[in-house]
Amino acid sequence: MTDRRDARPPSAAPDVEPARTIPRATLEGDTVEAGRALLGARLVRDPVAGLERRVGRIVEVEAYVGVEDRASHARMGPTARNRVMFGPAGVAYVYLVYGMHHCLNVVTEHEGRPAALLIRALEPVAGIPAMRAAREAAAPSRRRAAGPVSHHRPVAEERLAAGPGLVAAAFGIDRTFTGLDLCDPASPLRLECRSDDEPEPVVVATPRIGIAFAGEPWVSRPWRLVAAGSPSLSGPRAR
DNA sequence: GCAAAGATTTGCT
DNA sequence: GCAAATCTTTGCC
């Protein structure tokens, strides 16, 4: 059987143009503005270890902006943990929170100005079985110890990445991903633009979650951005 | 060197 | 609705 693609000269364009990654310039300006642009975009992870390609639509982000932001990891200045926040935009910053959950951030703004967007929730688009498998592998030992006969319903598809720790678990992301360029089309984990035929999401801004320690005015800043009506927002009641 | 708290999730009361 | 799980990073002695 013949494959027509073999007949095409090497210089010809492919049948399906590869999705474009988010332009770095989109992330180099104001972080909240970049967050609005990121809603509707896709997080893509290439196949790995027998798991198929995973794609999620970004529906919730939070902005952390500057050393003056008392909720930000950058508040104490550059340290071993947060130093990539002070670097160029488009780079991944992954940290461990509460000793068990990883959180994925995208660095924003210009070098020397520490800022980032926390990816808080995704709508699964492709690779759902891989997301389930990765979440199972990342589950705390207590739950795994319950054994294969534990009686809890499987997680609903739209809830597989409905929280910052769940995004990292479903995509198999840990701190070794820190420093990865998410704007590089060759990167195994990257950000791809929303397709043009897809409607731009309606954006709602709310205060950020879990930062009461920061105090005012930071706890009230409307720097959590969500795609209105998404079934995949973080929190038990899709807050 | 040690103590405390954290950009969360889950299961039980 | 609340507390446990779990460990790195930071602040203070």
Side-chain angles (χ1 to χ4, degrees), chain A residues 31-32 34-35 38-39 43 58-86 91-109 114-122 131-132 134-147 149-156 158-179 205-226 232-239:
Chain A
T31 300
V32 175
L38 218 48
L39 291 181
L43 182 70
I58 298 172
V59 293
E60 179 176 340
V61 300
E62 271 177 5
Y64 291 86
V65 189
V67 291
E68 66 274 20
D69 180 357
R70 302 308 288 172
S72 173
H73 286 173
R75 62 185 180 273
M76 67 291 285
T79 67
R81 177 173 68 160
N82 68 22
R83 65 187 163 72
V84 298
M85 287 185 74
F86 292 76
V91 168
Y93 166 49
V94 183
Y95 64 88
L96 182 66
V97 73
Y98 297 115
M100 58 185 78
H101 301 294
H102 294 277
C103 295
L104 170 67
N105 296 256
V106 183
V107 174
T108 56
E109 307 208 8
L117 288 161
L118 170 67
I119 308 298
R120 286 190 59 92
L122 306 170
M131 294 184 198
R132 290 191 188 284
R135 277 198 51 168
E136 192 60 34
S141 53
R142 168 169 48 84
R143 197 153 70 75
R144 279 204 310 265
V149 285
S150 75
H151 53 70
H152 65 275
R153 289 177 322 204
V155 181
E158 68 273 15
R159 307 299 299 167
L160 280 170
L166 301 179
V167 167
F171 275 66
I173 295 166
D174 61 28
R175 283 175 297 175
T176 65
F177 284 68
T178 293
T206 80
R208 294 173 291 180
I209 305 289
I211 56 145
F213 64 88
E216 294 291 0
W218 311 106
V219 29
S220 295
R221 288 275 144 85
W223 287 353
R224 169 175 174 261
L225 308 171
V226 308
S232 303
L233 300 184
S234 70
R237 283 187 26 181
R239 62 200 168 198

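Below, read A as the first sequence line, B as the second, and so on, with proteins coming before strands; counting in each chain starts at 1. All figures in this text were calculated on a predicted structure; none of them were measured in a lab.
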Canonical and wobble pairing (Watson-Crick, G-U, under 3.5 Å) of DNA chain B, dot-bracket with |: ||||||.|||||.
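- Contact annotation for A/Arg224: no contact, since no heavy-atom pair falls under 4.0 Å across all strands.
- A/Glu109 pairs by the side-chain hydrogen bond (donor to acceptor under 3.5 Å, both in side chains) definition with A/Thr31, A/Arg113, not counting sequence neighbours.
- With rounding to whole Å, A/Leu166 atom CG is found 10 Å from B/dT10 atom C1'.
- Here B/dT10 presents its P atom at 11 Å from CG of A/Leu160, a figure rounded to the nearest Å.
- Inter-residue side-chain proximity for A/Asn105 and A/Tyr95 is flagged as met; some heavy-atom pair is nearer than 4.5 Å.
- The distance from the OG1 atom of A/Thr206 to the CG atom of A/Leu225 is 8.0 Å, given to the nearest 0.5 Å.
- Enclosure of atom CZ in A/Arg83 is not indicated, since only 12 or fewer non-hydrogen atoms of other residues, nucleotides or ligands lie within 6.0 angstrom.
- A/Ser234 comes within 4.0 angstrom of no nucleic acid atom, judged by non-hydrogen atoms across all strands.
- Here the side chain of A/Arg75 pairs a donor or acceptor atom with the backbone of A/Ser72 at under 3.5 angstrom.
- Separating the C1' atom of B/dA7 from that of C/dG1 is a span of 22 Å, rounded to the nearest Å.
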Expected rows: protein N/O vs nucleotides 4-7 of chain B N/O, under 3.5 Å:
unit_1, atom_1, unit_2, atom_2, d
B/dA7, OP1, A/His73, NE2, 2.7
B/dA7, N9, A/Tyr95, OH, 3.3
B/dA7, N7, A/Ala71, O, 3.3
B/dA7, N7, A/His73, NE2, 3.1
B/dA7, N6, A/His73, N, 3.3
B/dA7, N1, A/Asn105, OD1, 2.7
B/dA7, N3, A/Tyr95, OH, 2.9

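- Nucleotides B/dC2 and C/dT6 are separated by 23 Å at their P atoms, to the nearest Å.
- The interatomic distance linking A/Ile119 (CD1) with B/dT8 (C1') rounds to 17 Å, in whole Å.
- Note: A/Trp218 and A/Trp223 have tilted aromatic rings, judged against thresholds of 30 and 60 degrees for the angle between ring planes.
- Using a cut-off of 4.0 Å between Lys/Arg side-chain N and Asp/Glu carboxylate O, A/Glu62 and A/Arg120 are scored as salt-bridged.
- Rounding to the nearest 0.5 Å places CD1 of A/Ile119 at 4.5 Å from CD1 of A/Ile58.
- One atom, CD of A/Glu136, and another, P of B/dT9, lie 17 Å apart when rounded to the nearest Å.
- Atom CG of residue A/Asp174 and atom NE2 of residue A/His101 lie 14.5 Å apart, to the nearest 0.5 angstrom.
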